[in-house]
Enquirer: 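Take a look at the following structure, please.
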Amino acid sequence: MSRTAGSLLLPLATMLAPSTDVDWAQAHCARPGEDAEQWHPVGKQKWDHARQVCAGCPLALECQAFGRDTHQWGVWGGRNLENGKPTAK
């Protein structure tokens, strides 16, 4: 993931793999004003925001599967993942 001065360069949904099955632009994390840093949080409050956004997202299951399959960390589809594995955070 490209970073500059501690911030992600691209919105989270643009970092997801292109797919003919999933239109990632429909992901709630792709909405204007959402900060991709919140899906890779440090404090509890940021985890809560990411989970709330994911809770109503129509692509949550696809996103969670992508996170697991590609060994991601952070909040993916409302689940906290570390190296693609769910955590208790």
Side-chain angles (χ1 to χ4, degrees):
M1 209 176 302
S2 297
R3 289 179 183 254
T4 180
S7 297
L8 294 172
L9 297 172
L10 301 170
L12 186 63
T14 62
M15 291 185 256
L16 297 168
S19 171
T20 56
D21 299 331
V22 179
D23 180 5
W24 293 114
Q26 299 302 311
H28 286 191
C29 62
R31 291 178 176 167
E34 287 298 340
D35 179 5
E37 286 289 328
Q38 295 195 41
W39 276 262
H40 305 283
V42 176
K44 181 183 180 335
Q45 184 178 24
K46 289 186 177 183
W47 285 104
D48 291 344
H49 174 77
R51 285 189 199 120
Q52 288 171 355
V53 172
C54 293
C57 184
L59 300 178
L61 292 177
E62 290 87 346
C63 187
Q64 189 178 127
F66 176 85
R68 288 180 178 187
D69 293 347
T70 59
H71 308 281
Q72 299 295 322
W73 71 274
V75 179
W76 291 86
R79 295 295 308 266
N80 303 332
L81 301 179
E82 288 183 10
N83 197 28
K85 293 180 172 56
T87 68
K89 288 182 185 175

Enquirer: Nearest heavy-atom pair of C54 and G77: which atoms, and what distance?
Expert: CB-C, 3.9 Å
Enquirer: Looking only at the side chains, is there a donor atom on one of E82 and H71 sitting less than 3.5 Å from an acceptor on the other?
Expert: no
Enquirer: With side chain to side chain contact (heavy atoms under 4.5 Å, CB included) as the test, would you mind laying out the steps for N80 and R51 before giving the verdict?
Expert: CA-CA 9 Å; N80 303 332; R51 285 189 199 120; 2.6 Å; yes
Enquirer: Mind checking what makes side chain to side chain contact (heavy atoms under 4.5 Å, CB included) contact with P86, not counting sequence neighbours?
Expert: R68, R79, L81
Enquirer: Considering non-hydrogen atoms only, spot the tightest contact between H28 and E34 and give its length.
Expert: O-CG, 3.8 Å
Enquirer: Could you tell me the separation between the SG atom of C57 and the CD atom of Q64, rounded to the nearest 0.5 Å?
Expert: 11.5 Å
Enquirer: Can you measure from NZ (K85) to CD (Q72) and round to the nearest 0.5 angstrom?
Expert: 13.0 Å
Enquirer: When you compare the side chain of V75 with that of W47, does any pair of heavy atoms fall below 4.5 Å?
Expert: yes
Enquirer: For W76 and C63, which heavy atoms make the closest approach, and how far apart are they?
Expert: CE3-SG, 3.5 Å
Enquirer: Which residues pass the side chain to side chain donor-acceptor pair (under 3.5 Å) test with Q52, sequence neighbours left out?
Expert: none
Enquirer: How close do L59 and Q26 get, heavy atom to heavy atom, and via which atoms?
Expert: CD1-C, 4.0 Å
